[in-house]
Structures are given as C-alpha cells and as structure tokens.
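Each remark here refers to the structure printed beneath this line.
Each ligand, and each atom within it, is numbered from 1 in the order the structure gives. Please read all numbers here as calculations on a predicted model, not as lab measurements.
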Amino acid sequence: AKDKEKSNIQVFHVAMETYSIQRLKLENELRHAISNQEFILHYQPQVDIHTGQIIGMEALVRWMHPTKGMIPPKEFIPLAEETGFIVQLGDWVLYEACRQNKAWQDQGLLHVPVSVNLSMRQFSEHGIKNKISEVLVDTGLPPKYLEIEITESMTMDVKHASDWLNKLKKLGVQVAIDDFGTGYSSLSYIKQFPIDKLKIDRSFVNDMLLDPNNATIVSTIIAMTRQLNLKVIAEGVETKEQLQFLQEKQCDEVQGFLFSPPVPSDTMGSLLEQAVQ
Ligand code: C2E
Ligand code: CA
Ligand code: CA
Ligand code: CA
C-alpha cells in the first residue's frame with residue numbers, strides 16, 4: 001500500500017509538472033500570438049425576430065495556433081484573464097472589430113452595429129473610455145455602430161459600474177448586458193444602469209422547452225425588458241421551436257446556430273452584402 005501511495009504521488013507530481021509546463025508554454029505562446037497575427041475574429045449575425053433581417057453581429061475571437069489549429073476562446077480567455085493579457089488582446093479585438101465594420105460600411109454593405117465582449121479587466125481599467133473613443137476616431141466608425149457587451153458580474157460594483165457606463169453612453173456607443181440571468185442582478189438593480197439591451201443567456205434558451213422554470217425565466221426577462229424600455233436578444237437559438245416560443249413571447253432579436261454560427265469575416269461580408277441587395 002505504501003508503495004502504491006508513493007507511486008501515486010509520483011504520478012501526481014509528473015502530471016502537475018506537465019500541466020504547469022504546458023500552461024507556461026501556452027502563456028508564452030499567447031504573448032506572441034498578437035505580433036504573430038495568430039488571432040482572427042469570427043462574426044455571428046444577430047437577426048430581427050420578425051423579419052429575419054440582420055440587425056447586428058457579435059465579434060468572437062479565435063486563435064489560429066501554428067501547430068494546434070484553431071483554439072476556441074474557452075481554452076485561452078481564462079488564461080488571458082488570469083495573466084492580464086486580456087487587456088492587450090481585448091484592445092486588439094476592439095480595434096479590429098471597429099476597423100472591419102467601417103471597411104464593410106465603406107464598401108457599401110449593410111450598416112449594423114458590431115458587438116464586442118469586454119472583460120472585467122478592460123472594463124475597470126483606467127482610461128477605457130479614452131481608449132474606446134480613440135479607436136472610434138482612428139477607425140472612423142461612428143459610435144452608434146459599436147456595442148459593448150459586459151457581463152452581469154461586472155455591474156456588482158454599482159458605483160463604479162454606473163460611472164463607467166455613463167461615460168461609455170456619453171460617447172454614443174451601445175451597451176448590452178451579456179449572459180443575463182446567470183448573475184445576481186434584479187430588476188431594480190439593472191434599472192440603475194444606462195444600458196440598451198439584455199442578452200438572455202444561452203443556457204436558459206437551450207432548456208426552455210424542456211424545463212418550465214427556464215421558460216418562465218425567459219418570458220420574465222422579456223416582459224421585464226419591455227417595462228424598462230430595453231431591447232432584448234436571445235442567444236443560442238438552435239431550433240425552430242425555440243424561435244417560435246421567443247416570437248410568441250415577443251423577444252426582439254435572436255442569435256444562434258439556427259441562423260448562423262460565428263463565421264469568418266469574408267463570409268460575414270457576403271451576408272452583409274446580400275442583405276443590402
Ligand atoms: P459569449 O459572449 O456568450 O458568446 C457566445 C458564444 O455562444 C460563442 O462561443 C458562440 O459561438 C456560441 N454560440 C452562438 N450561438 C450558439 C448556438 O446556437 N448554440 C451553441 N451551443 N452555442 C452558440 P465562442 O465563440 O466559443 O465564445 C465563447 C466565449 O468566449 C464568449 O461567450 C465570450 O465570453 C468569450 N469571448 C469570445 N471572444 C471574446 C473576446 O473578444 N473578448 C472577451 N473578453 N471574451 C471573448
Ligand atoms: Ca458575448
Ligand atoms: Ca453570451
Ligand atoms: Ca456565455
């Protein structure tokens with residue numbers, strides 16, 4: 001038994017070592033990925049629930065790793081958050097999304113806002129307002145064509161969050177609360193913030209036709225946004241049945257695989273081109 005214990009410990013050490021070496025390696029690769037131009041943005045259309053018209057798009061980052069291929073954000077965003085690298089990466093995403101949207105507009109394609117995910121680190125960073133306004137000036141994108149997505153947890157510090165959000169609103173950019181329903185915000189809480197839109201988290205949409213509790217949550221969020229004069233979008237819509245339920249509940253907008261997965265920029269460009277024809 002003693003021997004077995006000992007060898008287990010050794011296995012554990014080896015596993016730990018491999019894990020931290022891999023992590024260090026990834027961390028190091030991550031740092032160079034921007035200058036190596038290994039990040040790209042995919043875009044997922046957001047559509048009007050009644051007409052099916054594209055009314056926006058979300059920018060979602062992808063890492064094209066030279067040997068591992070495409071790495072999804074869930075495998076590097078957490079590490080980027082921990083190490084603080086997310087600030088640099090987030091700056092790149094913000095710039096690239098605005099630059100690309102302006103380029104599409106200059107080509108005469110459909111003019112719709114692009115949504116960019118902001119991490120807590122960027123949000124609380126001193127000077128985020130100046131950074132955003134600089135990006136808008138540099139790219140020439142009119143502010144109303146940029147939407148910032150923040151998560152509910154980022155509004156926990158009510159005083160600071162209101163300050164930041166007020167500044168962003170003054171710039172003329174739109175603000176959406178992402179993954180809504182997964183945090184702690186209540187109706188009265190959300191009312192204090194100058195926001196434009198709530199995004200109902202995918203997990204509720206996913207189960208709403210199977211689980212009556214989720215159906216109630218979804219219809220309550222929709223009803224609540226109407227009361228507050230906010231727009232509401234459901235994410236993760238995969239089936240016609242889900243779409244129909246959301247239409248009945250009078251949700252405004254939808255995003256999900258039923259319409260389109262996130263696509264590379266040239267595909268998104270074609271979608272925007274078709275939309276104006
Ligand atoms: P999110 O902001 O909630 O983004 C939506 C995610 O849902 C995307 O995953 C998208 O591909 C996925 N999705 C969309 N429609 C459907 C559907 O119908 N069914 C299912 N099952 N999934 C759907 P993705 O691209 O893997 O991104 C995951 C998360 O990574 C994002 O979740 C966001 O939190 C984070 N992320 C992505 N890009 C960025 C970024 O540029 N900055 C920051 N800070 N976070 C990012
Ligand atoms: Ca998002
Ligand atoms: Ca989301
Ligand atoms: Ca999410």
So which bit of [X] gets within less than 4.0 Å of ligand 1, heavy atoms only: side chain, backbone, both or neither?
X	value
I77	side chain
V116	neither
D201	neither
Q255	neither
V93	side chain
P262	side chain

Determine, using heavy atoms of [X] and all atoms of ligand 1, whether some pair is separated by less than 4.0 Å.
X	result
K74	no
G236	yes
R62	yes

N or O contact, [X] vs ligand 1, cut-off under 3.5 Å:
X	answer
Q44	yes
E81	no
V61	yes

Per-atom contacts of ligand 1 with [X], taking only distances under 4.0 Å to non-hydrogen atoms:
X	value
D179	3 (O)
E58	2 (O), 4 (O)
G256	15 (N), 18 (O)

### Message
Distance check, rounded to the nearest 0.5 Å: E75 atom CD versus H65 atom NE2?
### Response
11.0 Å

### Message
Which heavy atom of S260 sits nearest to which heavy atom of Q44, and what is that distance?
### Response
O-NE2, 3.0 Å

[X]/[Y] ion pair, N-O < 4.0 Å:
X	Y	value
E253	K197	yes
K159	D163	yes
E235	R202	no

### Query
Is a side-chain donor or acceptor of Q174 paired with a backbone partner of K144 at a separation under 3.5 angstrom?
yes

### Query
From S115, does some N, O or S atom reach closer than 3.0 Å to the Ca ion (ligand 2)?
no

### Task
Give the atom name of whichever N/O/S atom in D179 sits closest to the Ca ion (ligand 3).
OD1

Among the N/O/S atoms of [X], which is closest to the Ca ion (ligand 2)? Give the atom name.
X	result
D178	OD2
E149	OE1
E58	OE2

### Message
Could you tell me if the side chain of Q105 sits less than 4.5 Å from the side chain of L141, heavy atoms only?
### Response
yes

### Query
side chain to side chain contact (heavy atoms under 4.5 Å, CB included) with I195: which of I177, L168, L228?
I177

### Task
Over 60° means perpendicular and under 30° means parallel, so classify the ring planes of F39 and W92, tilted if in between.
tilted

